[in-house]
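Working notes, structure below.
The basis for the numbers below is simple: all heavy atoms, side chains too, and nothing from hydrogens, waters or symmetry mates. For clarity, every value in this text was computed on a predicted model and none was experimentally measured. Atoms within each ligand, like the ligands themselves, are counted from 1 in listed order.
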Amino acid sequence: MSSTITQNLSQLVLQMSESATIKMAQMARDLAAQGHDVISLSLGEPDFDTPQHIKDAAVQALADGYTKYTPVPGLVELRKAIVTKFKRDNNLDFDINQIVVSNGAKQSIANLCLALLNKGDEVVILAPYWVSYYAIVEMAGATPVPVSGGIEKDFKVTGDQLKNAITENTKMVLFSSPCNPTGSVYTQEELEDIADVVSQHENITIVSDEIYEYINFTDKHVSIGSFENVKDQTVTVNGFAKGFAMTGWRLGYIGAPVWIAKACAKIQGQFTSGATAFGQMAGAHALTSDLAPTHKMKDAFLKRRDLVKSLLDEIPGVKTNNPQGAFYFFPDISSFYGKSDGEITINNSVEFCEYLLQNAHVAAVAGSAFGDENCFRISYAASEEQLTEAMKRIKNTLAKLK
Ligand code: PMP
Ligand code: GLU
């Protein structure tokens, strides 16, 4: 791009970073297009297809004329289904006017940040964190304040750590459980510690991203918003992408205090007007139908978790936790920093992932994108054959680093 044209771009876009997950997935596609046999473990996307009954519901909705604009916060049919789901699965009590449906949970989070944050506000992000949290908070003009739970603590942040990070400027606490990128699941007690801290600060909103709720191997999903002391300070984010294998449908939602829900709908009314009508009807059907296909996918992810864990543990120099949810590993590979293969020396997580892509033809994402330079992220939403082959390639390639 010529410099004159670049100068015409906004400061907003010049200063924001490109999504590392999406960038890496594209690099893998490009390398594959050149004829290389690339295994992409970069994008967090279930490799399963959307269950047939959900697709059928979308086709039926189209036939029934769900082809028009919907109310900005979503069709009543879907918002009612979400209210029922929140009560059934999460012990959360919402009214329909507290639900806002968006084009993916990503938009839900963007709406929230734009609705709540001003310049000078701080957002405590429990780290490692999903890559887009950081960028969205910055786009909203606020300052991200990552607080890290290291691998020794299963990557979880304690109430005390959170307490130390809070200042008079803190406006939001943002995290995911089950967590992208670590797969860690916060227990009831750990969430209570966090809630106890936040409840001391009435101006802080907790944004609890629960999009991996149905991929939880402990079978105990706890929503922090169900605790009495923070229920009026919590926004629960969820979506269809992961649990129902509906990434391409672009459907997510929040349950929030009314004033926040109204503000998010106001913003959405100027940006997208809301999600597709027939997709929303399929979403309502997904939430109110038998969850057996979702449970089957979870069982498959658990089997893959065990497979990948055993293969990663065989690689010298690679340290792992044992993820209890989602479909990621976030291994610590810092023992390779400073090591070389011929001319190439690995100094950080980006160089590590570039080395793997070029030499093992395995695409993964650098830990720096998720707030931990010592690690890299593998998505194991791939077949057992692909995972076995990818781990073999990684092991053989890393053995060349001296
Ligand atoms: N939150 C987390 C933790 C995620 O991993 C993702 C990625 N899908 C999202 C939100 C965004 O989900 P969606 O595809 O519904 O926008
Ligand atoms: N959330 C997934 C990931 O972390 C999908 C890509 C994205 O939206 O970032 O890889």
Starting from the N and O atoms of ligand 1, find every protein N or O within less than 3.5 Å and list the pair with its distance.
unit_1: ligand 1; atom_1: 1 (N); unit_2: Asp209; atom_2: OD2; d: 2.5
unit_1: ligand 1; atom_1: 5 (O); unit_2: Asn180; atom_2: ND2; d: 2.7
unit_1: ligand 1; atom_1: 5 (O); unit_2: Tyr212; atom_2: OH; d: 2.7
unit_1: ligand 1; atom_1: 8 (N); unit_2: Lys242; atom_2: NZ; d: 2.7
unit_1: ligand 1; atom_1: 14 (O); unit_2: Arg250; atom_2: NH1; d: 2.8
unit_1: ligand 1; atom_1: 15 (O); unit_2: Ala105; atom_2: N; d: 2.8
unit_1: ligand 1; atom_1: 16 (O); unit_2: Ala105; atom_2: N; d: 3.1
unit_1: ligand 1; atom_1: 16 (O); unit_2: Lys106; atom_2: N; d: 2.9
unit_1: ligand 1; atom_1: 16 (O); unit_2: Arg250; atom_2: NH2; d: 2.7

Any side-chain heavy-atom pair from [X] and [Y] closer than 4.5 angstrom?
X: Glu354; Y: Ile344; answer: no
X: Lys87; Y: Leu92; answer: no
X: Phe227; Y: Ile206; answer: no

- Task: Classify the angle between the aromatic ring planes of His36 and His361 as parallel (below 30°), tilted (30 to 60°) or perpendicular (above 60°).
- Result: tilted
- Task: Look at the aromatic rings of Tyr380 and Phe327 and report parallel, tilted or perpendicular, splitting at 30° and 60°.
- Result: perpendicular
- Taking atom types as modelled, is there a side-chain donor on Gln324 or Asn216 under 3.5 Å from an acceptor on the other? no
- Item | Residue pair Asp64 / Gln60, side-chain donor-acceptor N/O under 3.5 Å | yes
- Residues in contact with ligand 2, criterion: heavy atom under 4.0 Å: Thr21, Leu43, Gly44, Lys106, Trp130, Asn180, Lys242, Tyr328, Arg377
- Aromatic centroids of Phe48 and Phe301 separated by under 6.0 Å: yes
- Do Tyr253 and Phe86 have their ring centres less than 6.0 Å from each other? yes
